[in-house]
Structures are given as C-alpha cells and as structure tokens.
Protein chains: 2
Amino acid sequence: MVAKGRGKRVTIGDVARAADASVTTVSRVLNEVATVDAALAHRVRQAIADLGYRPSAAAQGLARGRSGTLGVLVPDLANPHFSDLVKAFSATVRDSGARVLVMDSDEDPDVERDLAEDLIRYADGLLLCAPRMPRADLAALASRGVPLLVANRRAPGLALHTVGVDFHQGVLAVCGHLAQLGHRRVVYLAGPEGSWANRERLRALAGAEAFGLHVTVLACGSTTDEGYAAAERALEADGTALVAYNDFVALGLLSRLAELGVRVPEDISLTGFDEIDLARFSSPPLTTVAVPRSGLGRAAAVALVRLMDGNTDGDDALEDVDAEALPVELHVRGSTSAPS
Amino acid sequence: MVAKGRGKRVTIGDVARAADASVTTVSRVLNEVATVDAALAHRVRQAIADLGYRPSAAAQGLARGRSGTLGVLVPDLANPHFSDLVKAFSATVRDSGARVLVMDSDEDPDVERDLAEDLIRYADGLLLCAPRMPRADLAALASRGVPLLVANRRAPGLALHTVGVDFHQGVLAVCGHLAQLGHRRVVYLAGPEGSWANRERLRALAGAEAFGLHVTVLACGSTTDEGYAAAERALEADGTALVAYNDFVALGLLSRLAELGVRVPEDISLTGFDEIDLARFSSPPLTTVAVPRSGLGRAAAVALVRLMDGNTDGDDALEDVDAEALPVELHVRGSTSAPS
DNA sequence: CTGAAAGCGCTAACAT
DNA sequence: ATGTTAGCGCTTTCAG
C-alpha cells in the first residue's frame, strides 16, 4: 500500500534503507543506469512502490545542474495561435523528457520582461513567442547565457535564434488571389501597432502595390469586436475587397456586414488570415491563410532542444538563424469572388 | 554592466564575495528579511546588479522545501474553456508570488495520470481540470499528500476539494427558456461520453422532462465538425429546438443548417452552451449560456492557495467542499424563437 | 546586525 | 556491481 496522509517527504534514503541498498543504487535504478543486479533492482523498485516515493525535482535539478524544464512565454494563451503552438511545443518537448513552464504576459511588454527574467531561473531554455518587449530587453536576455529561441519576431542585428511563419508570402498569396480575380482596390484592416506580424503584412502589402494593387490601410486590431466595429469605416474606404489582419477581425466584419445588408462576396470580398477552425463554418466560409501553428510549435521545440544540446561554446552556428520560416497555405473559399 | 556570455552560473557566493559580505547577508537582502544595514544592503544590491545574479530556483526550492510552483493539468489547452481558466488562474496565483506549470493531457486518461504524477514532483499544489482519469487514480493522487484541487468534476465519496460551474442550472435555464417559448420537443446533441460536464447536462435535461419537455438525446461530440456532421440526424429527430452540447457544436449545426436551407430560428431554434466570443457574431447570434471561465480560474487559485496555507493537518475543513459552484448566465439572442 | 555552518534530496566521481 | 562521499546553491538555526 501507498503511504497515506501528509507525513514527511519520502526521500531516496528511506528507499535505500527499506531496500537494504545504498542511495547510489537507488539512484541508479531510478535513472536506469548501469547494470544493477536484477534482484537488487527488484527490491528497490518494490520499496519505491511501497513507500510511494517520487524523486524531488528540486534536488534532482540542483544536483544535475539542469531542471529538465523549458519555459514558454506567450502574449496571450487564450489566442488559439499561441495555445496551439504551446500544445505542440509541450508535446514535442515531452518526448525528449522535459516539461514546460508556461507564462502569459497579457500583451504587456513590461510584464513580459519581468516574467522572462523570472522564467530563466526555473528553465534550462526559453521560448519567447512574438515578444513585445523592446530590443534592449531582448538583447539583455539573449546575453544571459540561457538558450533562447524567439518565435515570430525578427530582431535585426541581434543574433537571435528564431523560428517563424512566412507571413509575408501568405499576404502576397492573398493579394495575388485577389488581383487575379480582378480586384484593384483593397482595404487592409491592420492588426496591433507594434506587432511584427502586422509589420510583415504591411511589408507584403507594399510589395503587392508594385503589382498595381492599391491598398488602403485602416487601423483596426486583432479581435472580433474590433473587426465588427471597423466594418462601416472599411466600407467607406471604397475598395472591392477587405483584407483582414486575421480571422477574428474577418468574422467580426462579416457579422456586421450581414447586419448592414452588404453581401459577401457579391458586394465585397473578404479575406482572413491565420485560419481558425471556425473559418470553414461561417456563411460564407472564409478565404484565409492557414499557418502551421502546431508545426511552428514542433519546430520551436526541436530547435530549442538542439540549441541546448550544442550549447558547449556559445554563439557558433548562428548562420542558420532564420533558417526556419514555415510555409503557409492559402485556402480559397466562398468569401472571395470577382468584383462586381 | 551585466556579465555577458555563457560563463559558469553566478552564485550567491560570488555576490557575497563581490559585496564583501556573507552569503547569509545576501540571502537576507534577497528575501527582504530583517534589518540589514542600509549601506551593506546597498553594496549587496549593487553586486547583484553588476553580476547579473539570479537565485537558482532549484536551490531555493530544495532549501525551502517548496518550489513556489503550482501545477495545472488540462485536457486540452486549445479549448478556450481551459485556456481562459489557466490564464486567470496563473494571473491570480502570480499575485501570491507563485508560478504555474501547465500540462496538457490531450484528453487521454492514461497520459493524464502520468502527467499528474510527474507534476506533483515539481509543484506545491495541483489543479486538475475536468480530469478524465478513473476514480481510483484520482483517489491515489488525493492520498499523496499534495494539496489537490479538482475543477469541474465531482467524485462522490472521495473527499476532494473542488470548484466548479453550475452546468445543471445552466441547462435548466435553457430548457426553461425554450419551454416558455412554447417548445415541447427538443433534441440534445450530446458531448463526450465520459465527461462530467455532459452527465450534468443530461441530469438537468431529465429534470426538465418533469416539466413536460420531451428530450431526444443524440450522440454527437464537442467540436464544430461533429456538430456539422450531426445536423441531418438532428433534423430527423423531429424536435422544434436543438440544444447543443456547446457553442462549437451549435455553430457547426448552424453552418450545416444554412447549407440545407433550414432557417434558424424560423424553422428550428438552436442553443449553445459555454459562450465563446464568436457566439455573438454568428448569423443569427447564438442563444447560449455564459460560464465564468475566468472566475473559475480565479476561484481555483484562491481555493488552492488557501488549501496550501492551511495544510497543517490534512483533511479538516472538507465540509466546504463543493461550496463553490459558480453561477452561469443565459444569454438569449437571435437563434431561439417560438416554434412555428 | 552579521556570519559560520548544517542541512535540503539527489547525482556523480571515486573507491572497493 | 555496489557503496562512500563530496558537492549542487540556497535557507536557516545558532552564535557572536
């Protein structure tokens, strides 16, 4: 039977005593090391089970010099973009025997820096997702000796290891699709000011203008509410297509347009970005760009683990920084058609 | 300046040396303890800054006997229900100086048990969200000495501390609303087999039958896809209203119904549950039940912290188990009307 | 007010 | 193959 109640913690010493072995031996069977005599090993395992012993993570961490924990910092866990990423990251990391400490900065750059500084005390490595903090803070973290990986933000000149999604190509695909359909004037409902994701989109939009597509940029945001609220302004901007920062904005727009009696795509075309599950189920279904959220999480996990393994002597091999820019995929559905 | 590069870890000893103080003193200023001489304290803080020193979490944890970390285990982080809960939980817990270790069991009961057993090695306390594991495993965990809190699952006879949402009342409210509108035959699209949330809904539905509402139960699931796929079966069941397990299912149904030319609510009424942000933005907007996800997260945090503070002698005060059953709120919108 | 020293529970040389 | 023992970095009595 397992000991019940709130007694003192069972230690490796207790197990050793119970199994009439040394702590080293117990440690060995625990870590599946060397050739421990079968009978002895069995006794130890028995004792472990009897006593309900679990090694203390703190003690192991201290002795080993690493915690077996990776830290992830996201701006908003409630955003499917990040929860999917974290999910995939955790699952992948777990396969290499580690755990994940997740923190949510609530989109606040200051909170973000503080949490990151706290996180590195616990973790062997750090994944920063779309960090909002200023370059200087990022640089400070980077020079801190902890394996650091940044997802979806580039910081030119900072020698950061990064993974990311090719937003640029995605927006270009959207614009190309629209242009082929015959659209010439599109309205972009912009995302959060500071975000790299938004800057990337703007950059791509600028590229599209070179192909003769005229783009009007309207400040909006990243939520359904903001999309809903921006609908009337968007209509006034006089385009034949609306390019939303993401699917939430698009669905907000769609909702308001329906109320206003504006038909999609007959009266105006609409595109989302960063495909969410529900995009297929709106009326009409949304033309949008699928980004590999889980793929990004997996890639980040692999990259970070590799970073930590080869951490013998610092900043070598930074040549393949940004090697990872995961491809995206345009999904054409009912919300886009030729302009009337 | 902060030391750069990947040198050996800076320890409290290094700081002591640099500040010409003892480690004890450094520890004191670190923990804001006692009256350390102002000048000395200042020297120490200076050294800390100069060296870029951060105390090792593992060492602190080992010495203090607690990690300052709480564990949370959810079936699916990508589900807004849980990500919102975790977000609120983390934020609240952070205010009392702790961190949160999040794990995702991917809805697998076995994985769930293993992760929970692993989590307790790291954490001072554990929050199990809607655990899918069998009673026996739950009981084993409970008798393990770690402060344990269970959210959204009741385990009769197990003396578990729990917090939860009043699903029962929510479903009753939905049924009442429908009945008042004049509906007599409703179809319930059921959620995951084993889930407590689904059982609670069924129980409430049974209660509603006592009021003369006839309920047909159809197996379905919890995703938009499953809702979409169930639409035609639901129609055949011959009710005047569809009660979906949750909003995802409802939106899937809505999407398919639109394709089939069935109008909501004119031809058939539809309700969701567990209001998601997008529920307000569908066409028509969804009548659904808002559950206090963040409130649940906060309540869990408060309860768990209290549990850990008063952990002097075990299973007292279990009288107020289940004291927390957070109220829900019916939001009537366009997807319900009187039957035709 | 400050410091020396004994652990916290585990791992990893280093013997045997 | 197994055991002894010295740390890992920090907190915390206990003296001074």
Side-chain angles (χ1 to χ4, degrees), chain A residues 3 7-45 47-48 51-69 97 118 120-124 145-146, chain B residues 3 7-45 47-48 51-69 97 118 120-124 145-146:
Chain A
K8 289 212 58 59
R9 174 177 247 299
V10 180
T11 76
I12 197 174
D14 300 330
V15 176
R17 206 166 310 121
D20 191 33
S22 74
V23 293
T24 311
T25 300
V26 177
S27 175
R28 286 202 180 97
V29 349
L30 234 39
N31 297 288
E32 301 170 318
V33 162
T35 36
V36 177
D37 179 81
L40 219 196
H42 183 265
R43 252 168 39 225
V44 169
R45 268 187 272 275
I48 290 178
L51 273 50
Y53 166 73
R54 304 277 168 230
S56 145
Q60 284 187 321
L62 186 55
R64 287 179 174 151
R66 50 198 174 63
S67 62
T69 298
D118 189 45
I120 57 175
R121 301 192 309 121
Y122 288 83
D124 301 333
V146 197
Chain B
K8 289 214 58 61
R9 173 177 248 300
V10 181
T11 76
I12 196 173
D14 301 328
V15 176
R17 206 165 310 120
D20 191 33
S22 73
V23 294
T24 311
T25 301
V26 177
S27 175
R28 286 203 179 97
V29 349
L30 235 37
N31 297 287
E32 301 170 318
V33 161
T35 37
V36 177
D37 179 79
L40 219 197
H42 182 264
R43 253 167 38 226
V44 169
R45 267 188 273 274
I48 290 178
L51 274 49
Y53 166 74
R54 305 276 167 230
S56 143
Q60 283 187 322
L62 185 55
R64 288 178 175 153
R66 50 199 172 63
S67 62
T69 298
D118 188 45
I120 58 176
R121 300 193 307 123
Y122 288 83
D124 301 332
V146 195

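Order of the sequence lines fixes the chain letters, A, B, ..., with proteins taken first and strands second; residue numbering starts at 1 for each chain.
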Please determine, for the side chain of [X], which listed nucleotide ([options]) has the closest atom?
X: A/Val36; options: D/dG9, C/dT2, D/dT2; answer: D/dT2
X: B/Leu40; options: D/dT11, C/dA13, C/dT2; answer: C/dT2
X: B/Ala59; options: D/dT11, D/dG9, C/dT2; answer: D/dG9
X: A/Asp37; options: D/dA1, C/dC10, D/dT11; answer: D/dA1

Rounded distance (nearest 0.5 Å) linking atom [atom1] of [X] with atom [atom2] of [Y]:
X: B/His42; Y: B/Asp37; atom1: NE2; atom2: CG; result: 12.0 Å
X: A/Tyr53; Y: A/Ile12; atom1: OH; atom2: CD1; result: 4.5 Å
X: A/Leu51; Y: A/Arg17; atom1: CG; atom2: CZ; result: 9.5 Å

[X] [atom1] to [N] [atom2], straight-line distance once rounded to whole Å:
X: A/Arg64; N: D/dG9; atom1: CZ; atom2: P; answer: 16 Å
X: B/Leu62; N: C/dC8; atom1: CG; atom2: P; answer: 9 Å
X: A/Arg17; N: D/dG3; atom1: CZ; atom2: C1'; answer: 15 Å
X: A/Arg28; N: C/dT11; atom1: CZ; atom2: C1'; answer: 10 Å
X: A/Asn31; N: C/dA13; atom1: CG; atom2: P; answer: 13 Å
X: B/Arg9; N: D/dG9; atom1: CZ; atom2: P; answer: 7 Å
X: B/Arg66; N: C/dC8; atom1: CZ; atom2: P; answer: 16 Å
X: B/Leu30; N: D/dT12; atom1: CG; atom2: C1'; answer: 14 Å

Exercise. Just by modelled atom types, is the A/Arg28 backbone N or O under 3.5 Å from a matching donor or acceptor in the A/Asn31 side chain?
Worked result: no
Seminar exercise, completed: Comparing nearest nucleotides in DNA chain C, the 5'-proximal residue of the pair B/Ala63, B/Asp20 is B/Asp20
Taking only side-chain nitrogens and oxygens of [X], does any of them come within less than 4.0 Å of OP1 or OP2 of [N]?
X: A/Gln60; N: C/dG9; value: no
X: B/Ser56; N: D/dG9; value: no
X: A/Ser27; N: C/dC10; value: no

Problem set entry | Closest-nucleotide ordering on DNA chain D, the 5'-leading residue of A/Val23 and A/Ala38 | A/Ala38
Exercise. When only distance counts, do a donor and an acceptor, one from the side chain of B/Thr24 and one from the base of C/dA4, lie under 3.5 Å apart?
Worked result: yes
Exercise. Between A/Ala57 and B/Arg121, which heavy-atom pair has the shortest distance, and what is it?
Worked result: CB-O, 3.3 Å
